[in-house]
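Have a look at the structure below, then the notes.
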Amino acid sequence: MSDYLGWIVFGVFLYYVARPVSRRLHQRGLSSGTSAAVTLVLVILPFVGVLLVIVLLAIVQIATLEVTDFDAVLERFLPRVDTDELPTTEPDLYPFAEDLATDPRLNTVVQWISGLVSRFLTASYLLFVMFLFAFVLIRDERRIERWLRTEIIREKPNVTAYLRHVDEGLQSIFFGYTLTILAIMSLAGVVYTVLNAIAPADLEIPQVLLLAIVTGLASVIPLVGRNVVYASIVGYLALTAIRTDPSTLWFPVTFYVAMGVFFDGIIRTYVRPTLSGRRFPMSLILFAYILGPPIFGWYGIFLGPIIMVLTVVFVRRHLPRLLHGGQVIRETSTDHDSRNH
């Protein structure tokens with residue numbers, strides 16, 4: 001059940017990522033089914049592909065690739081056969097085949113391959129279920145909303161308001177913040193590449209792709225996330241310049257001014273408010289992403305923010321009414337933490 005839950009939660013995440021595009025297409029005159037299908041092909045599938053590429057690039061950049069000792073691998077997993085000891089007569093062939101079939105190393109290899117094929121088929125099936133679930137949510141969102149309102153919620157305005165605020169919060173978290181992180185990754189990669197074009201010899205920024213990915217992911221950490229990345233790069237460049245040619249120390253200073261002042265200013269002033277808004281404090285989002293995977297597994301990175309949104313919306317807007325009575329309190333102030341990020 002946990003396997004299905006994880007992929008269903010991932011499908012909810014993809015639904016919120018793709019929903020703005022599907023609604024825009026529906027407003028242009030396309031039917032619900034057509035807009036959902038177009039969104040699935042042009043948005044969801046490429047988006048999942050981009051996520052996989054980012055993960056693979058990070059793994060490739062991190063890994064230290066060396067020539068693999070194939071002989072050692074084969075010797076460990078496969079039985080080592082001496083050609084001089086191969087059977088040449090029929091009476092010797094049957095014992096040899098029996099020993100080969102019962103060799104524990106060969107059984108280990110067969111079991112490993114069988115397990116790998118089984119996991120691949122299971123993952124493919126669950127991936128299909130996830131895409132199908134996201135497609136149904138996108139296509140039938142109006143029917144589902146109408147059914148919930150008429151058959152389940154009925155005349156309960158407080159429940160309607162709560163679900164509406166949760167829906168808006170999940171839209172902000174999944175679409176806005178995901179788009180913000182991807183934008184920061186892309187922009188950081190471009191800036192790092194441009195800076196490398198003017199860098200002195202032997203003083204280039206290393207592993208541009210990996211550092212761009214880390215810069216985007218570090219944006220989840222309030223206030224200091226990207227600054228830690230910048231400080232690490234500046235320290236590396238400064239030490240390299242001191243050891244090779246102190247006259248090139250201008251490049252680490254240029255890097256910090258470009259990234260720590262101009263780039264970060266653009267992100268905080270224009271990119272983040274435009275794409276993700278300031279609906280939730282970044283500190284809460286950080287804990288949701290950090291605590292989700294250890295508690296729930298791999299899908300906790302999506303389930304954690306969902307639980308955070310459900311809890312925060314209830315505490316902000318409905319808990320005061322339950323404690324003190326009266327109407328739901330509307331929040332008019334923006335959290336100090338999210339303003340500073």
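Note that the coordinates shown come from a computational prediction; the quantities given were computed from them, not determined experimentally.
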Is any side-chain heavy atom of [X] less than 4.5 Å from a side-chain heavy atom of [Y]?
| X | Y | result |
| --- | --- | --- |
| Tyr125 | Val129 | yes |
| Ile198 | Val194 | no |
| Arg28 | Ser35 | no |
| Ile184 | Arg226 | yes |
| Phe251 | Leu195 | yes |
| Glu141 | Arg23 | yes |

Contact summary for [X] and [Y], nearest pair of heavy atoms:
| X | Y | answer |
| --- | --- | --- |
| Phe174 | Val17 | O-CG2, 3.7 Å |
| Glu204 | Tyr236 | O-CE2, 4.2 Å |
| Gly300 | Pro305 | O-CD, 3.9 Å |
| Tyr162 | Leu310 | OH-O, 2.9 Å |
| Tyr192 | Val208 | CB-CG1, 3.7 Å |
| Thr248 | Ala241 | OG1-CB, 3.4 Å |

[Y] reachable from [X] in the ILVMFWY side-chain graph, under 4.5 Å edges:
| X | Y | value |
| --- | --- | --- |
| Val190 | Val257 | no |
| Val253 | Ile242 | no |
| Trp250 | Val191 | yes |
| Leu148 | Ile138 | yes |
| Trp147 | Val159 | yes |

From [X] [atom1] over to [Y] [atom2], what is the distance, rounded to the nearest 0.5 angstrom?
| X | Y | atom1 | atom2 | answer |
| --- | --- | --- | --- | --- |
| Leu319 | Thr311 | CG | OG1 | 11.0 Å |
| Met259 | Leu211 | CE | CG | 9.5 Å |
| Trp7 | Leu14 | CH2 | CG | 9.5 Å |
| Leu249 | Leu203 | CG | CG | 8.5 Å |
| Thr34 | Arg139 | OG1 | CZ | 11.0 Å |
| Thr215 | Tyr230 | OG1 | OH | 6.0 Å |

*Fit a plane to each ring of Phe10 and Phe13, take the angle between them on a 0 to 90° scale, and name the class: parallel (under 30°), tilted (30 to 60°) or perpendicular (over 60°).*
parallel
*Go through the steps for Leu187 and Ile266 under the test side chain to side chain contact (heavy atoms under 4.5 Å, CB included), then give the verdict.*
CA-CA 11 Å; Leu187 294 175; Ile266 293 174; 5.8 Å; no
_Heavy-atom donor-acceptor pair, His26 side chain to Ser22 backbone, under 3.5 Å_ = no
*asked:* Tell me if a side-chain donor or acceptor on Thr244 pairs with a main-chain N or O of Thr240 at a distance below 3.5 Å.
replied: yes
_side chain to side chain contact (heavy atoms under 4.5 Å, CB included) for Asp167 and Arg19? Distances and angles first, verdict last._
CA-CA 11 Å; Asp167 180 68; Arg19 186 174 71 174; 2.8 Å; yes
*Enclosure of Tyr256 OH (heavy-atom neighbours >12, cutoff 6.0 Å)*: no
*Assess whether atom CZ of Arg143 is packed by more than 12 heavy atoms of other residues, nucleotides or ligands within 6.0 Å.*
no
*Knowing that exactly one of Leu40, Thr39, Asp140 qualifies, which makes a side-chain contact (heavy atoms from CB on, under 4.5 Å) with Phe135?*
Leu40
